[in-house]
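Data first, discussion second: the structure below is written as structure tokens.
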Amino acid sequence: MIRDKNCGDIREPDIGSVMTITGWVFRRRDHGGLIFIDLRDRSGICQIVFSPDVAVDAHEIAHDLRAEYVISVSGEMRKRPDGTENPSIPTGMTEMYVHKLVVLNRAAALPFNMEEAAEAGEALRFRHRYLDLRRPEMQQNLMMRHRIIKGFRDYLDMKSFLEIETPMLTKSTPEGARDYLVPSRLNPGHFYALPQSPQLFKQILMVAGFEKYFQIVRCFRDEDLRADRQPEFTQVDLEMSFVDMDDILGLIEDMMKTIFRETLGTDIETPFQRLSYNESMERFGNDKPDMRFGLELKDMADLAGGGNFKVFLDALQSGGMVKAINGKGMAALSRKELDILTSEAQSFGAKGLAWIKVKNGFESPIAKFFPEEILRSMAKRLQAEEGDLMLFIADRSKVVYDVLSRMRLELGKRLNLIQPDYKFVWITDFPLLEWDEEEERFQAMHHPFTSPIAGDMEKMLAGDAGDREMLSSLKAMAYDIVLNGNEIGGGSIRIHRRDVQKKMFEVLNISDTEAEVKFGFLLDALKYGAPPHGGIALGLDRLVMLMTGATSIRDVIAFPKTQKAFCMMSGAPALVEPKQLKELHIKTDEV
RNA sequence: GGGGUGGUAGUUCAGCUGGUUAGAACGCCGGCCUGUCACGCCGGAGGUCGCGGGUUCGAUCCCCGUCCGCCCCGCCA
């Protein structure tokens, strides 16, 4: 070993001992006489002192030290003189008096200030990711990620889950996201796909009798990126046999509780609240509600219909809805501020925003369309009191939900209603199918292997594949796990009967031949004694983001890609040699 | 594919209604400094104003195109 101890581990018992420590020069304070350096390694920082009274040559060399030089220093650990201790760091009682300094490596002037790197542009941080990752904040993030992953592994191992790897070179599936394709040299014109998830393989593992499987696995989706979406991301993927939905939800709750306790020391509340998809939409306007605050949506159709405000009446008549939320204490907003709020609503897709101030009665351009009694009922339903602002959206249901759910979040932030906390919620009873207007057929809302809920199973089997109304009413035995308004995972009880699976393909308008070509191996497997099974996949990156307080998953991924799926450090993707393309039997169009 | 926003010194940003010499802070370089911890003080260097075109006597500023980052819609579970 070329060092005796980590910088951040130095404590008072080390006083008096002579040792060697190594690290990066973090900050330097060169007084000409005394030189102080904060030496940093992964564990933390330690102040070292160069004095001409202790070692003339080391002191001489120390003048030339610069940020991020890698050095080794040997010397005596001493108690800091009275009054010079630094209580703000764990090593603040001690300092090393260096008698020997070795510069292990020099560093060029940095492209950005490490201490203010959080403010530096992401493009720059990504290009020099090795420097960005050297920052304590990023190191903390990745250490937390490690502990969380270890938490999952330990917990699932304890519960007798087996970690089994599945192929990365796999087969393109037509449903779901766009695949990343990999050309096959040995099979001209044929392509592998990188997995969007190990879905089919984990089901096969259940058929194969492993009963409890998990994997911390990379998944790939060639879709456009967001702050919480990367083209490659990590799932905690698991599947179990002989279980029902409550078994899986219970296991995940206990697992989360364990991991939050062990990594953050936080005690989260279990069991998690459960909301049906419909209830979530009604009350919050989306299927991933942030449960840390109220501001719930209220249906106003009956009251709105009792006036003669044309916008409301039109919306209701054409099958739309009128819903509202209560902007607590916002009656003081000026006309101009209300205009801004309105254009915000419009940017979310609304045609307009109707508002009624509860202020000396009711103040609003639309108040005149409603009898006093209805206005009072509206206020009552929204629990609006003097000083509040009632905000209405009237439109098609999709628009109303979309706009109000976003306004709810916006107001929650603005009114400071969102306290730091971890509020989980399960969303259940999703529709099994979703009508695709463009393709004029049903799509599986979760995926085509999801079982209907028990009561709907016979309905689907007995029903006609063209019965749109019946099919739209079917509920899936699927569940999403939502944390603070972020979807962090989802799963379902799968179809384990071949006849049900075939019916599902029929409903989805996937022909026998097509099903055979695309999922034949799963259908085959279902013939040979498939146990009832189900599982879930958790989005690890999002979970770590929330647990570290990061604002983007890019801050919890060591080497993330930009919004154009470009790696600024390595330069991937890149052009390749014509020879490589030729071997792969590939000709490109452009460039 | 679409909407929004940004790109000026190594970095973060300012730069008025288009005007002659493009600034600040931090960093960098040189000097001074023996108790600092964002050390301090003095001095200095450092600019393809993303790129291309246009309008203009004159463009960092206006217009068009383009590239890149970020946020969002579509897309994606």
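Owing to the predicted nature of the structure, the values given are computational and were not obtained by experimental measurement. Chain A is the first sequence line, chain B the second, and so forth, proteins listed ahead of strands; every chain is numbered from 1.
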Query - Aromatic centroids of A:F152 and A:F214 separated by under 6.0 Å - result: no

**Report entry** Any A:Q47 side-chain N or O less than 4.0 Å from OP1/OP2 of B:rU36
**Finding:** no

Query - A:S197 and A:Q235: side chain donor to acceptor below 3.5 Å - result: no

**Report entry** Donor-acceptor side-chain pairing of A:E76 and A:H99 below 3.5 angstrom
**Finding:** no

Query - Candidates B:rC70, B:rA77, B:rC29 - which lies nearest the side chain of A:R28 - result: B:rC29

Query raised in the report: Counting only distance, no hydrogens or angles, is the base of B:rG74 paired donor-acceptor with the side chain of A:R226 under 3.5 Å?
Result: yes

Query raised in the report: Using atom P of each nucleotide, how far apart are B:rG2 and B:rU11 to the nearest Å?
Result: 31 Å

Query - OP1 or OP2 of B:rC29 under 4.0 Å from side-chain N/O of A:R66 - result: yes

Query - A:R29 side chain near B:rU36 phosphate (N/O to OP1/OP2, under 4.0 Å) - result: no

Report summary line: Across every strand shown, the nucleotide meeting Watson-Crick or G-U wobble geometry with B:rU55 (both distances under 3.5 Å) is none

Query - B:rC16 and B:rC33, which share atom name C1', separated by this distance in whole Å - result: 43 Å

Query raised in the report: Which of these nucleotides, B:rC75, B:rC37, B:rU34, is closest to any side-chain atom of A:N86?
Result: B:rC37

Report task. Go through the N and O atoms of the side chain of A:D53 and the base of B:rU34, and report whether any donor-acceptor pair is under 3.5 Å. Result -> yes

Query raised in the report: Using the rule for Phe, Tyr, His and the six-membered ring of Trp, do A:F36 and B:rU36 stack at under 5.5 Å and under 30°?
Result: yes

Query raised in the report: So among A:V556, A:L131, A:T548, A:L133, which one has a side-chain contact (heavy atoms from CB on, under 4.5 Å) with A:M138?
Result: A:L133

Requested in this report: Can you check whether any acceptor in the base of B:rC37 is under 3.5 Å from a donor in the side chain of A:R27, or vice versa?
Outcome: no

**Report entry** Pair assignment for B:rU36, Watson-Crick or G-U wobble, requiring both distances under 3.5 Å
**Finding:** none

Query raised in the report: Which nucleotide sits closest to the side chain of A:A177: B:rC76, B:rU34, B:rG1?
Result: B:rC76

**Report entry** A:E122 CD - B:rC71 P separation (whole Å)
**Finding:** 6 Å

Query raised in the report: What does A:G121 touch in the nucleic acid at a heavy-atom separation under 4.0 angstrom: a base, only the sugar-phosphate, or nothing?
Result: sugar-phosphate

Report task. Assess whether one donor atom and one acceptor atom, taken from the side chain of A:N113 and the base of B:rG10, lie less than 3.5 Å apart. Result -> no

Requested in this report: For the residue pair A:R28 and A:H63, confirm or rule out a side-chain donor-acceptor distance under 3.5 Å.
Outcome: no

Report task. Compare side-chain N and O positions of A:K564 against OP1 and OP2 of B:rG69 and report whether any pair is under 4.0 Å apart. Result -> no

Report summary line: The correct set of residues in residues 536-561 of chain A placing a heavy atom under 4.0 Å from RNA chain B is A:R554

**Report entry** A:D38 (side chain) and B:rC37 (base): donor-acceptor pair under 3.5 Å
**Finding:** no

Query raised in the report: Taking the same atom, P, in B:rG69 and in B:rG47, what whole-Å distance lies between them?
Result: 26 Å

**Report entry** d(CG, A:D222; C1', B:rA77) in whole Å
**Finding:** 16 Å

Query raised in the report: So, does the side chain of A:R80 form a donor-acceptor pair with the base of B:rC37 at under 3.5 Å?
Result: yes

Report task. Please state whether the phosphate of B:rC76, meaning OP1 or OP2, lies under 4.0 angstrom from any side-chain nitrogen or oxygen of A:Q196. Result -> no

Requested in this report: Could you please name the option among B:rA77, B:rC33, B:rG74 that lies closest to any side-chain atom of A:D30?
Outcome: B:rC33

